[in-house]
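The structure under discussion appears below in the form of structure tokens.
We count residues from 1, following the sequence as given.
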Amino acid sequence: MESINIAIATDNTYAQHACVEMASILCNTAQKEKIRFFLLSDDIEDDKKEAIVKTVQNLGAAISIHELSGDKRFEGLYVRGKLTRTVYFRLALPDIMPEDVHKIIYLDSDMLVFGDISELWSTDVEKIPLAAVPDYGIMSSARLWNEKESFIGMKKDGTYFNSGVLVINLNMWKEHDLGHELLSLVREEQYPHLDQDSLNKIFMDNWISLPLKWNIIPPIFYLSWKRIFLNPKLRAKALEARKDIRIIHYAGRYKPWEFERHEGFNSQYYKYLAMTEFKNVKMPQLAKDTHSKSINRQLIRLKIAEMLCRVF
């Protein structure tokens, strides 16, 4: 039986959320016994590791944990804001994964998966190093696009991808030593979008595009009026993806676990949380800046996006 290999990197802070994500994958995949998780850990506490393993096993899949907290390859790498060095763990997958893993799906730890992951796994990357989803958040911003042209040499008519969902040809990465090339690059440069910029630089014009529905970031989820809805180049695909979400990526400031349950906004997070060994933790889990966020504004934006999906 062929395994569906999935890697997720997280630290202790996001361990619970990675577990909820794994539960969402297993609850929406028909042949979940095929799934093999590889958790790339940056010093996750033992009790949380045990909770994650128990959750995955209870839901019918396999998991192995790779502790990377002492790995010197990631020491001193540039990070900013709330991002941590775990973002760079995906770059070392060729060295971390067992020899029998030739292809892998990489997922960020702030996601929920609503589609059958086997559909994503079926992506053919035999002749290409990776597949990813275009990042409409970057591509719809003149400021950010100018930044990418300056920092990594993006072409004006190019496509920039989000690194949160990757289907990776590990054989090709190993053959061309791409992991080491990427890690060398991020040690030399301080890119604004860290690993994502380095991946886009190295794989520019050498990747294939996944459907937008496999990585719905906030500008798509809320159908940002100026950047997405009024953009004739992006609107049609954004609407199509918004109506058929397979993966939602909470890449913005508003994380589902920071707020009480609200239907449509974070109700699915609470649904899958209840299926994990973290089901009894105190919720919501506020961040230092939660008080400065307006959940009512987000709910209004969400209602407008849902209305636009019905009308168009």
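In this structure K49 satisfies the side-chain hydrogen bond (donor to acceptor under 3.5 Å, both in side chains) test together with E67, sequence neighbours excluded. By the salt bridge (Lys or Arg N to Asp or Glu O under 4.0 Å) test, D95 pairs with R73, sequence neighbours left out. In this structure, the side-chain contact (heavy atoms from CB on, under 4.5 Å) partners of K243, at least two apart in sequence or on a different chain, are C309. In this structure, the side-chain hydrogen bond (donor to acceptor under 3.5 Å, both in side chains) partners of E119, at least two apart in sequence or on a different chain, are R246. For K34, there are no salt bridge (Lys or Arg N to Asp or Glu O under 4.0 Å) partners at least two apart in sequence or on another chain. Legend: residues meeting side-chain contact (heavy atoms from CB on, under 4.5 Å) with Y78, ordered by chain and number and at least two apart, are R80, Y88, Q190, L194. For N12, the side-chain hydrogen bond (donor to acceptor under 3.5 Å, both in side chains) partners two or more places apart in sequence, or in a different chain, are E45. K237 meets the salt bridge (Lys or Arg N to Asp or Glu O under 4.0 Å) test with no other residue; sequence neighbours excluded.
Sorted by first and then second residue, the salt bridge (Lys or Arg N to Asp or Glu O under 4.0 Å) pairs with a member in residues 298-312 form an empty list; sequence neighbours excluded. Applying the salt bridge (Lys or Arg N to Asp or Glu O under 4.0 Å) test to pairs two or more places apart or on separate chains, those with a residue in residues 256-276 are E258-K293. Under the ring-ring contact (aromatic ring centres under 6.0 Å, His included) criterion, no residue pair touches residues 132-158, with sequence neighbours excluded.
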Side-chain donor/acceptor pairs under 3.5 Å, residues 207-224, sequence neighbours excluded:
| unit_1 | atom_1 | unit_2 | atom_2 | d |
| --- | --- | --- | --- | --- |
| N215 | OD1 | H249 | ND1 | 3.0 |
| N215 | ND2 | N162 | OD1 | 3.1 |
| Y222 | OH | Q298 | NE2 | 3.3 |

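Side-chain atoms of S163 and D195 form a donor-acceptor pair, as typed in the model, at a separation below 3.5 Å. In the model, S118 has a side-chain atom that pairs as donor or acceptor with a side-chain atom of D116 under 3.5 Å.
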* To do: Report the C-alpha separation of Y269 and Y250 in whole Å, then their side-chain angles, then the decisive distance to 0.1 Å, and conclude whether the ring-ring contact (aromatic ring centres under 6.0 Å, His included) test is met.
  => CA-CA 11 Å; Y269 178 88; Y250 297 98; 7.5 Å; no
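Inter-residue side-chain proximity for K148 and N200 is flagged as unmet; no heavy-atom pair is nearer than 4.5 Å.
The only option from I63, T10, I8 that meets the side chain to side chain contact (heavy atoms under 4.5 Å, CB included) definition with I52 turns out to be I63.
A salt bridge does not link D110 to K82: none of the charged side-chain nitrogens sits closer than 4.0 Å to a carboxylate oxygen.
V56 is connected to Y14 through a chain of hydrophobic side-chain contacts under 4.5 Å among Ile, Leu, Val, Met, Phe, Trp and Tyr, so both are in one cluster.
Between atom CD of residue E277 and atom CD of residue Q57 there is a gap of 10.5 Å, rounded to the nearest 0.5 Å.
Checked against the 6.0 Å centroid threshold, F161 and F203 do not count as a close aromatic pair.
Counting non-hydrogen atoms of other residues, nucleotides and ligands closer than 6.0 Å to CD of E33 gives a total above 12.
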